[in-house]
Trainee: 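Can you read through this structure? Questions will come right after.
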Amino acid sequence: MPAPTVPPTLRHLEQLMAQLLDGVIIVDPTGAILSANKAALLMHGIRHLENLGSTVEDYAKRFTLRAGDGRLLKQREYPLFRLLAGERFPDETVRVSLSGDDEVRWVHQVRDVTMDVDGGEPDYLALVLSDVSARFDAETRFKAMFEANPAPALVIRLRDLRIAQANPGFLALTGFARDQLEGKNLFALDLLEGLKQPESVRRRIEDGQVLPQADAQLLVADGSRRTVLFAGQPIDVTEEDALLLTFADLQPRREAEAALEASERHLLAVFEMAPVAMMVTSAVDRRILRLNAAFRQLTGHTEETAIGRTAEELALWENASQREAAEAELRADGSLLQHEARLSTREKDSIDCLVAAETIDIDQKPCALWACQDITERRRSELELAGAIEEVMKDASWLSRSILDKLATLRRPSPAAPAAELSPREREVLGLICDDLDDTVIAERLNLSRNTIRNHVARIYAKLGVSRRSGAVVWGRERGLGSRGI
């Protein structure tokens with residue numbers, strides 16, 4: 001049977017189609033597939049027209065089509081069938097896969113074209129296809145990333161400034177449902193307030209320009225507003241020109257900052273009213289940052305004379321080595337336990353103090369808080385008491401043993417000194433030890449064996465908590481034992 005004669009108009013169309021980058025499939029009104037250019041064949045993964053199918057029904061058996069949202073299309077919804085039914089579809093997206101294969105191979109954007117020779121019924125129907133697989137993949141990846149991104153975000157469609165997408169992060173931040181946002185005009189919702197330059201921001205959004213980071217008050221579902229930092233970036237991974245707005249919730253940080261400011265105000269109030277003299281110095285250069293009223297009263301220094309200077313420049317410590325040791329311990333351990341030190345006032349008077357310090361942060365800067373307790377009067381009282389005890393113990397013959405022990409403890413406090421109960425013989429031996437006699441002489445003096453004296457000495461050491469003769473001598477002489485007892 002001779003091959004059908006190709007009408008000149010169709011031949012001309014085929015010549016034109018061969019030059020197109022878009023795919024074109026031509027069918028006649030009966031549903032027969034008459035022609036397809038190379039681009040259309042490649043968009044279906046084939047090289048020959050017969051693999052496309054001879055009719056529209058045959059095409060439907062070879063290829064499975066889905067809508068852009070992934071919904072499986074029925075045959076009557078295929079673009080070729082709708083073309084035969086006379087429907088118009090200027091632009092639609094379909095996903096194409098081989099029949100029996102669930103994997104989408106290609107994504108086509110399709111539109112209809114109707115051609116007639118004499119102005120009557122259409123002679124040819126054409127389906128024009130554009131391969132948008134790459135763009136569709138990019139859109140799919142963007143959508144997956146957009147949905148998974150924990151940072152709150154919106155996609156704004158530029159042609160009408162409506163919200164195209166709101167991700168879960170934005171919904172969680174604001175409490176809105178999707179249907180309350182998507183499809184609504186951004187400015188009609190009045191989502192953003194408190195902008196420094198609202199007109200400039202609106203103009204940039206309308207023009208699809210980059211939006212630098214800016215603070216705003218974001219509307220939430222209950223009608224209140226949250227402080228956010230937001231920025232905008234044009235994107236081209238959606239079907240239409242769009243702007244991606246991303247948000248960072250500043251409310252917790254602002255609340256934390258407000259709480260910190262309130263805490264620091266309270267700290268400064270307590271610092272100023274504290275009865276103990278205190279100062280704050282920088283951990284970096286050790287310069288004085290703050291003085292409280294008790295410190296100003298104790299030292300005579302004022303904020304004008306002290307702030308911005310170091311303790312060394314003020315000659316605050318009479319002993320520079322004590323100051324250096326205290327500062328070194330503070331740097332090493334982060335704290336300084338009570339140290340006895342002698343400070344100097346602005347008038348060069350001396351003050352005996354217990355000094356302690358701790359590293360702290362003020363205004364997010366490392367500092368040191370110093371506390372100075374004036375013990376001048378207590379030290380004077382201790383010296384006076386020690387002097388009185390010295391006088392009393394110059395003649396201790398009339399004092400009982402228990403009184404001597406207590407006076408010795410008051411005269412030279414020592415937490416390590418045990419409350420020893422010596423027998424009369426042990427006190428006699430200790431008295432001779434305090435006179436610098438050795439064990440042999442003591443044995444002769446007491447008419448005892450040398451081994452017996454050694455046993456007495458060992459028991460004395462154990463009771464006194466000492467390990468050598470010199471320790472026992474100090475203990476005994478402080479309690480009036482021996483001819484040189486004090």
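What you see below is based on every heavy atom in this structure, not just the backbone, and it leaves out hydrogens, waters and symmetry mates.
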Trainee: Who are the ring pair (Phe, Tyr, Trp, His ring centres under 6.0 Å) partners of F146, not counting sequence neighbours?
Mentor: F142
Trainee: Are any non-hydrogen side-chain atoms of L289 and I307 less than 4.5 angstrom apart?
Mentor: no
Trainee: Sorted by first residue and then second, give each salt bridge (charged side-chain N to carboxylate O under 4.0 Å, His left out) pair with at least one member in residues 329-338; sequence neighbours left out.
Mentor: none
Trainee: Only counting residues at least two apart or in another chain, list the ones meeting ring pair (Phe, Tyr, Trp, His ring centres under 6.0 Å) with H456.
Mentor: none
Trainee: Who are the salt bridge (charged side-chain N to carboxylate O under 4.0 Å, His left out) partners of E92, not counting sequence neighbours?
Mentor: R82
Trainee: Going by ring-ring contact (aromatic ring centres under 6.0 Å, His included), name the pairs with one or both residues in residues 165-216, residues two or more places apart or in two chains.
Mentor: F170-F247
Trainee: Name each donor-acceptor pair under 3.5 Å that joins a side chain in residues 206-220 to protein atoms two or more places apart or in another chain, with its distance.
Mentor:
| residue | atom | partner | partner atom | Å |
| --- | --- | --- | --- | --- |
| E206 | OE2 | R202 | NE | 3.1 |
| D215 | OD2 | R254 | NH2 | 3.0 |
| Q217 | NE2 | T227 | OG1 | 3.1 |

Trainee: Name all pairs fulfilling the ring-ring contact (aromatic ring centres under 6.0 Å, His included) condition that reach into residues 317-373, sequence neighbours left out, sorted by first residue then second.
Mentor: none
Trainee: Only counting residues at least two apart or in another chain, list the ones meeting salt bridge (charged side-chain N to carboxylate O under 4.0 Å, His left out) with R425.
Mentor: E428
Trainee: Going by salt bridge (charged side-chain N to carboxylate O under 4.0 Å, His left out), name the residues that satisfy it together with R159, two or more places apart in sequence or in a different chain.
Mentor: E240
Trainee: Under the ring-ring contact (aromatic ring centres under 6.0 Å, His included) definition, can you give me all pairs with a residue in residues 275-295, not counting sequence neighbours?
Mentor: none
Trainee: Answer yes or no: is there an ion pair linking R445 with D435, defined by an N-O contact shorter than 4.0 Å?
Mentor: no
Trainee: With E272, which residues qualify under side chain to side chain contact (heavy atoms under 4.5 Å, CB included), at least two apart?
Mentor: N292, A293, R296
Trainee: Distance-only check: which donor-acceptor pairs under 3.5 Å involve side-chain atoms of residues 193-201, not counting sequence neighbours?
Mentor:
| residue | atom | partner | partner atom | Å |
| --- | --- | --- | --- | --- |
| E193 | OE1 | R225 | NE | 3.1 |
| E193 | OE2 | R225 | NH2 | 3.3 |

Trainee: What is the minimum heavy-atom distance between A472 and V466, and which atoms define it?
Mentor: N-CG2, 4.0 Å
